[in-house]
Amino acid sequence: MQTIRDIRQNNNGIVIPSGFTANGWSNVLPHEMNVLFQALCFVVTKFETKAEMEKELNEFKGLQGTFAPPTPEMFKSESDYEGYVKLLNKHKAFFSRSNYEYPSSREEAVQLFSKWGLLIDKQDVWDIPVQPFPDVINLFELTEAEQLALSYVKLEALVHPMFSKLIMQLHEHDENTFNLSKDELKEMLNTNDEMLSEVLIKLTPYLEEAIDNMLEIPDDEKMKFTVVWERVYEDFLGQQFGNNVQ
């Protein structure tokens with residue numbers, strides 16, 4: 001198993017396992033537990049003992065008041081309060097379906113993370129797995145619709161970085177029309193047939209015209225396509241990559 005403490009020295013930022021999103025956790029956990037997990041990633045990356053980590057968690061503004069029973073006085077309006085309570089009850093019902101009790105304190109939430117395998121308690125220090133990372137599907141009772149939705153999340157988490165890589169490499173050519181074969185694209189992305197197909201499907205809305213019979217074209221045959229960069233900037237790159245490609 002690879003953990004945050006194994007790789008943190010090689011990373012200048014905060015290590016947040018990609019599996020947290022890819023394996024569905026960011027979708028099924030409530031906001032306060034998402035915030036807590038990211039805070040745990042921060043303290044595990046930056047500190048050496050559990051005591052230091054707990055002290056830092058106590059000072060996180062984003063964790064102040066989390067897991068406390070909501071009251072109308074905590075919200076700007078009655079409708080905000082009612083909306084929060086409705087969402088909270090939805091999360092509680094989801095937990096209960098899988099025989100988990102919704103945490104009433106940060107300590108109970110940390111215990112759940114440990115139970116699920118998202119947090120490794122080594123008595124004097126915490127650690128967090130990076131690879132392999134627990135999967136929601138193996139730990140929660142999910143409806144067929146939920147399983148389908150999380151399968152899409154996992155696929156998108158795999159395809160999105162590969163698609164980003166393709167976009168950045170194409171943009172380096174400072175043009176919008178390309179004549180490339182699947183073999184050339186696979187070599188460019190260092191990927192396989194299945195993943196390339198997913199990436200090309202994701203690319204299609206950003207092309208001036210779709211590539212006819214794209215999936216049936218032989219691997220060594222050139223495909224001519226034109227990227228509409230304005231669609232990419234507006235619909236996909238947004239603020240995250242905009243400064244890099246303009």
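Residues take their numbers from the sequence shown, with the count starting at 1.
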NZ (Lys92) and CG (Asn89) are apart, to the nearest 0.5 Å, by 6.0 Å
Correct closest heavy-atom pair for Thr21 and Val153 would be O-CG1, 3.5 Å
Salt bridge (charged side-chain N to carboxylate O under 4.0 Å, His left out) filter on Lys76, not counting sequence neighbours, yields none
Scanning both residues in full, the closest heavy-atom pair of Leu118 with Phe37 reads O-CE1, 3.7 Å
Find out whether Val15 and Ile7 are in side-chain contact, i.e. whether some heavy atom of one side chain is under 4.5 Å from a heavy atom of the other. yes
Subject >> Side-chain heavy-atom pair Leu189, Leu166 within 4.5 angstrom cut-off >> reply: yes
- Just wondering, do Leu185 and Met223 contact through their side chains at under 4.5 Å, heavy atoms? yes
task = Look at the side-chain heavy atoms of Ile, Leu, Val, Met, Phe, Trp and Tyr, link any pair under 4.5 Å apart, and say whether Val44 and Val35 land in one connected group.
result = yes
Q. Parallel, tilted or perpendicular for Tyr102 and His91, by the 30°/60° rule?
A. tilted
Item to check | Ion pair Glu32/Arg106, N-O distance below 4.0 Å | outcome: no
Rounding to 0.5 Å, atoms OG (Ser197) and NZ (Lys202) come to a distance of 15.0 Å
| query | Taking the six-membered ring for Trp, are the ring centroids of Phe94 and Tyr100 within less than 6.0 Å of each other? | reply | no
Query raised in the report: Do side-chain atoms of Asn213 reach the backbone of Glu216 as a donor and acceptor pair under 3.5 angstrom?
Result: no
key: Worked verdict on Glu48 versus Arg5 for salt bridge (Lys or Arg N to Asp or Glu O under 4.0 Å)   = CA-CA 9 Å; Glu48 300 301 325; Arg5 290 177 64 81; 3.6 Å; yes
Practice task
Determine the interplanar angle of the Phe178 and His173 rings, folded into 0 to 90°, and report it as parallel if under 30°, tilted if 30 to 60°, perpendicular if over 60°.
Solution key: perpendicular
Centroid-centroid distance, Phe47 to Trp126, less than 6.0 Å: no
Of all heavy-atom pairs linking Pro205 and Arg231, the shortest is O-NH1, 3.0 Å
query: Are Phe140 and Leu148 in one and the same hydrophobic cluster, where Ile, Leu, Val, Met, Phe, Trp and Tyr link if side-chain heavy atoms are under 4.5 Å apart?
result: no
Taking every heavy atom of Arg97 against every heavy atom of Glu141, the minimum-distance pair comes out as NH1-O, 2.8 Å
Those residues at least two apart in sequence (or on a different chain) that pass side chain to side chain donor-acceptor pair (under 3.5 Å) with Ser77 are Ser79, Asp80
Query - Donor-acceptor pair between Asp127 and Thr3 side chains, under 3.5 angstrom - result: yes
Rounded to the nearest 0.5 angstrom, the CG-CD distance for Leu63 and Gln38 is 10.5 Å
Item to complete: Apply salt bridge (Lys or Arg N to Asp or Glu O under 4.0 Å) to the pair Lys55 and Glu59, showing each step before the final yes or no.
Response: CA-CA 7 Å; Lys55 181 177 182 296; Glu59 297 175 4; 3.1 Å; yes
inquiry  = Please tell me whether Phe42 and Phe60 form a close aromatic pair, meaning their ring centres lie under 6.0 Å apart.
reply    = yes
CZ of Phe225 to CG of Leu180, rounded to nearest 0.5 Å, is 5.0 Å
From the list Leu112, Thr66, Val110, side-chain contact (heavy atoms from CB on, under 4.5 Å) with Pro103 holds only for Leu112
Could you see if Met1 belongs to whatever hydrophobic cluster contains Trp116? Use Ile, Leu, Val, Met, Phe, Trp, Tyr and a side-chain cutoff under 4.5 Å. no
Counting C-beta onward and ignoring hydrogens, is there a side-chain heavy-atom pair between Asp135 and Trp25 closer than 4.5 Å?
no
TODO: Please check if the side chain of Asn58 supplies one atom and the backbone of Glu54 the other of a donor-acceptor pair under 3.5 Å.
DONE: yes
Rounded to the nearest 0.5 Å, the CD1 atom of Ile14 sits from the CG atom of Leu40 at a distance of 12.0 Å
Does some side-chain heavy atom of Phe95 sit less than 4.5 Å from a side-chain heavy atom of Pro30?
-> yes
Output yes when a side-chain donor or acceptor of Glu184 lies under 3.5 Å from a complementary backbone atom of Ser181, and no otherwise.
yes
Checklist line | Side-chain heavy-atom pair Tyr206, Phe163 within 4.5 angstrom cut-off | finding: yes
Worksheet item: Does the side chain to side chain contact (heavy atoms under 4.5 Å, CB included) test come out yes or no for Asp193 and Asp219, once each step is laid out?
Response: CA-CA 9 Å; Asp193 291 331; Asp219 285 4; 3.6 Å; yes
Residue pairs meeting salt bridge (Lys or Arg N to Asp or Glu O under 4.0 Å), one or both in residues 107-117, sequence neighbours left out, come to none
In short, Leu139 meets Pro134 closest at the heavy-atom pair CD1-CB, 4.1 Å
Looking only at heavy atoms, the pair that brings Pro129 and Pro17 closest together is O-CG, 3.2 Å
Check the pair Val130, Phe20 against side chain to side chain contact (heavy atoms under 4.5 Å, CB included), reporting the backbone distance first and the verdict last.
CA-CA 9 Å; Val130 173; Phe20 185 71; over 6 Å; no
Rounded to the nearest 0.5 Å, the OG1 atom of Thr177 sits from the CD atom of Glu175 at a distance of 7.5 Å
Problem - Minimum side-chain heavy-atom gap Val199-Thr191 below 4.5 Å - result: no
Subject >> side chain to side chain contact (heavy atoms under 4.5 Å, CB included) between Lys224 and Ile211, intermediate numbers included >> reply: CA-CA 8 Å; Lys224 187 174 182 179; Ile211 302 170; over 6 Å; no
Could you tell me whether Lys182 and Asp220 have a side-chain N and a carboxylate O separated by less than 4.0 Å?
no
- Considering only heavy atoms from C-beta outward, does the side chain of Leu196 approach that of Leu200 to under 4.5 Å? yes
